[in-house]
Amino acid sequence: MGPVVQELELNKYGLEYLFYDPTVFCPHPDGKYFLGYRSVEQTCAEIARYSPRDARKYAEFIDFWQRVLGMLIPMFNAPPKSLIDISGNFDWAKLKDFFSLMGPPDKILDLVRTMFTSPMDLLNEYFDEEFVKAPLARQASELSLPPSQKTGAVGSIMMAMRHNPGAARPRGGTGALTQALVRLVMSQGGVILTEQQVKKVLVDNNRAVGVRLANGKEYRAKCGVISSIDAKRLFLQLIDESDVDGADPELRDRISRRIVNHNESILKIDCALSELPRFVHHNHKDEYLTGAILIADSVDHVELAHTDPDIGRIPDDPSMFAVVPTIVDPTLAPEGKHTLWIEFFAPYQIKGAEGTGLNGTGWTDELKHKVADKVIDKLADYAPNIKKSIIARHVESPAELAERLGFLKGNYYHLDMTFDQMMFFRPLPELANYKTPIENLFFTGAGTHPGGSISGMPGRNCARVFWQTQHPIAQKFADAGNALKSTAKSVFGT
């Protein structure tokens, strides 16, 4: 959640994060396994049991990406076009990370080349063993990109973040975060309306003035309207064409054609278990299941898990991301019982099934359960007791998830997390700083900088821009002062 939890003091509203360690377990078909701890040294010791060389290279790999992360965090925590905000986020440690990556022209060019390469190429450069490369490729691909995707190397920070700052989940499940935010808003006199579908953003003389609901009721805005849905639905469905064209005659065409979404989505399986999965061929210990369980047999296995859905095929050999939350938080299930959720990459639109199934995607109840059976079969290759331990399960297809959660075509990041659609390109340069060509209409969510995940950073950055708009002069002086104070504190320690 970046700085949001601390800044909003959400602990006062019942939010508690539970860190977990180990953070990653990935069994390999040959009996080896990758076990990642928060400690880089512990992780290297696990790798060294099979490959001392890869253990040494792993330390180098994580050191590099943690320094890249230190360089990027100040940019993530600020509007992408605000140099004052970005500079104010650099403390001495992050400045050291930044300058450690700089140097002579050839060193800088090598850094640029690294950022332009693919996770697959980078992993082949560092490592020999597939049991190391496969889980790192699977985590890099959490940006919903295949390991071969050029410019996707930055996905390698996913494992670096599991070391520092570490990985945690809210006690009581992710819904506990939502509940804490609701309590905070209500404590400040705010009102939250649910099950109130917005059908139209009201615009008057190129100024957003409110919204109209599906039931016809209108709410007028005093200061502005903030949207967190994707750009395509906002500008192509919720605002009159004439209002969009009046603000920017090219915007509708650029949004419909320039913003790129692939066909990859998620099939999700939630299970109630009578006992923990047991990875009997991989020196099973219950603590291995504390963090993420990855099924990734090889980098090629991960590659197909992404490229098949993109062309409308359901992968025949499932790769998956699974979590047993009750290891860390037993309150989520009755005593002695456990919960398990599994994410499996699958196409939103199934090739050859257009016009059938839910919303014409080809997904039916029969098909989703058939695919779920195949996913469980794959997991059972590693944890043979999993089938008999399932008390009940709930399966949601990509089409069902899209409908329930409001993902456009099943893309939970709103648009692809490729280099050309990040930072000040996300989703388009003219929309990248949380403002829009329509006055008082602001734009945030996963489709804005720095992208999807439960970080709170798009909303935090948007709130900053919104506040600056309401108090432009005072805020500029405050931002400049805070930047100077931050720099002085980092340099002089005062």
Side-chain angles (χ1 to χ4, degrees), residues 1-11 13 15-20 23 38 65-66 68-82 85-86 88-91 94 139-145 152 154-171 173-182 184-185 226-230 266 291-292 321 323 343 405-407 411-419 421-427 432-434 442-466:
M1 285 292 290
V4 174
V5 172
Q6 290 75 29
E7 290 175 346
L8 297 182
E9 298 181 308
L10 293 181
N11 61 305
Y13 301 93
L15 182 65
E16 178 188 3
Y17 270 92
L18 303 173
F19 282 85
Y20 50 90
T23 62
R38 286 189 73 181
W65 284 107
Q66 285 186 331
V68 171
L69 187 60
M71 178 182 70
L72 292 177
I73 285 176
M75 303 177 194
F76 289 168
N77 281 332
K81 294 181 180 179
S82 176
D85 282 333
I86 292 171
N89 288 335
F90 276 95
D91 57 22
K94 293 181 178 65
Q139 290 180 88
S141 297
E142 286 304 306
L143 297 182
S144 288
L145 306 173
V154 71
S156 300
I157 66 174
M158 301 301 283
M159 187 63 210
M161 288 192 294
R162 289 183 176 273
H163 291 296
N164 184 24
R169 307 184 195 108
R171 184 185 295 278
T174 305
L177 169 61
T178 307
Q179 292 164 9
L181 288 168
V182 168
L184 168 61
V185 171
I226 302 174
S227 171
S228 64
I229 65 172
D230 60 273
I266 280 176
F321 186 112
V323 172
E343 289 182 352
L405 300 176
F407 302 148
N411 193 329
Y412 43 91
Y413 288 136
H414 290 192
L415 64 150
D416 293 356
M417 297 272 282
T418 48
F419 189 79
Q421 296 189 137
M422 296 296 289
M423 299 287 288
F424 31 72
F425 304 125
R426 189 169 187 85
N433 225 46
Y434 312 104
F442 299 84
F443 183 50
T444 186
T448 62
H449 171 74
S453 76
I454 307 175
S455 72
M457 287 190 281
R460 177 182 184 268
N461 294 342
C462 180
R464 191 171 187 83
V465 170
F466 180 83

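One is the number of the first residue; the rest follow in order along the sequence. Side-chain atoms are counted along with the backbone in the values below, which use heavy atoms only and exclude waters and symmetry mates.
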**OP:** Please name the pair of heavy atoms, one in A292 and one in R169, separated by the smallest distance, quoted to 0.1 Å.
**Re:** N-NH2, 4.4 Å

Subject >> Interatomic distance, F425 atom CZ to L415 atom CG [nearest 0.5 angstrom] >> reply: 13.0 Å

Subject >> Donor-acceptor contact present, side-chain R38 to main-chain Y20, <3.5 Å >> reply: no

**OP:** Of all the heavy-atom pairs spanning F443 and I229, show the shortest one and how long it is.
**Re:** CE1-O, 3.1 Å

Subject >> Close side-chain approach of C462 to I226, heavy-atom, < 4.5 Å >> reply: yes

Subject >> Minimum heavy-atom distance between Y13 and L8, given as atom pair plus value >> reply: CE1-O, 4.0 Å

**OP:** Might you point out which heavy atoms bring F19 and P165 nearest each other, and give the distance in Å?
**Re:** CE2-O, 3.6 Å

**OP:** Using modelled atom types only, decide if a donor and an acceptor are shared between the side chain of R426 and the backbone of A446 within a distance under 3.5 Å.
**Re:** yes

Original post:
How far does CD1 of I266 sit from CD of E343, to the nearest 0.5 angstrom?
Top reply: 3.5 Å

**OP:** First locate atom CG of L10, then atom CD of Q179, and finally report the distance between them rounded to the nearest 0.5 Å.
**Re:** 12.5 Å

**OP:** May I ask you to decide if R171's main-chain N or O and E16's side chain share a donor-acceptor pair within less than 3.5 Å?
**Re:** no

Original post:
Has the side chain of T444 got a donor or acceptor atom that lies under 3.5 Å from a matching backbone atom of P458?
Top reply: yes

Original post:
Out of L143, L69, I73, which one pairs with I157 under the side-chain contact (heavy atoms from CB on, under 4.5 Å) rule?
Top reply: L69

Original post:
Does F466 have any ring pair (Phe, Tyr, Trp, His ring centres under 6.0 Å) partners at least two apart in sequence or in another chain, and if so, which?
Top reply: F442

Subject >> Heavy-atom side-chain contact between L181 and L15 under 4.5 Å >> reply: no

**OP:** Would you mind reporting whether Y412 and L405 have side-chain heavy atoms less than 4.5 Å apart?
**Re:** no

Original post:
So, for D416 and Q421, which heavy atoms are closest and what is the spacing to 0.1 Å?
Top reply: O-NE2, 3.1 Å

**OP:** Any chance you could measure F407, atom CZ, to H414, atom NE2, to the nearest 0.5 Å?
**Re:** 7.0 Å

Original post:
Are any non-hydrogen side-chain atoms of M159 and T23 less than 4.5 angstrom apart?
Top reply: yes

Original post:
Within a strict 4.5 Å, meaning less than it, do heavy atoms of the M161 and W65 side chains meet?
Top reply: no

**OP:** Side-chain contact test, heavy atoms from C-beta onward, threshold under 4.5 Å: evaluate it for V154 versus M422 and give yes or no.
**Re:** no

Original post:
Quick one: are N461 and P450 in side-chain contact, heavy atoms under 4.5 Å?
Top reply: yes

Original post:
For the residue pair T448 and Y434, what are the closest heavy atoms and their distance?
Top reply: OG1-CE2, 3.6 Å

Original post:
Any side-chain heavy atom of P3 sitting closer than 4.5 Å to one from R460?
Top reply: yes

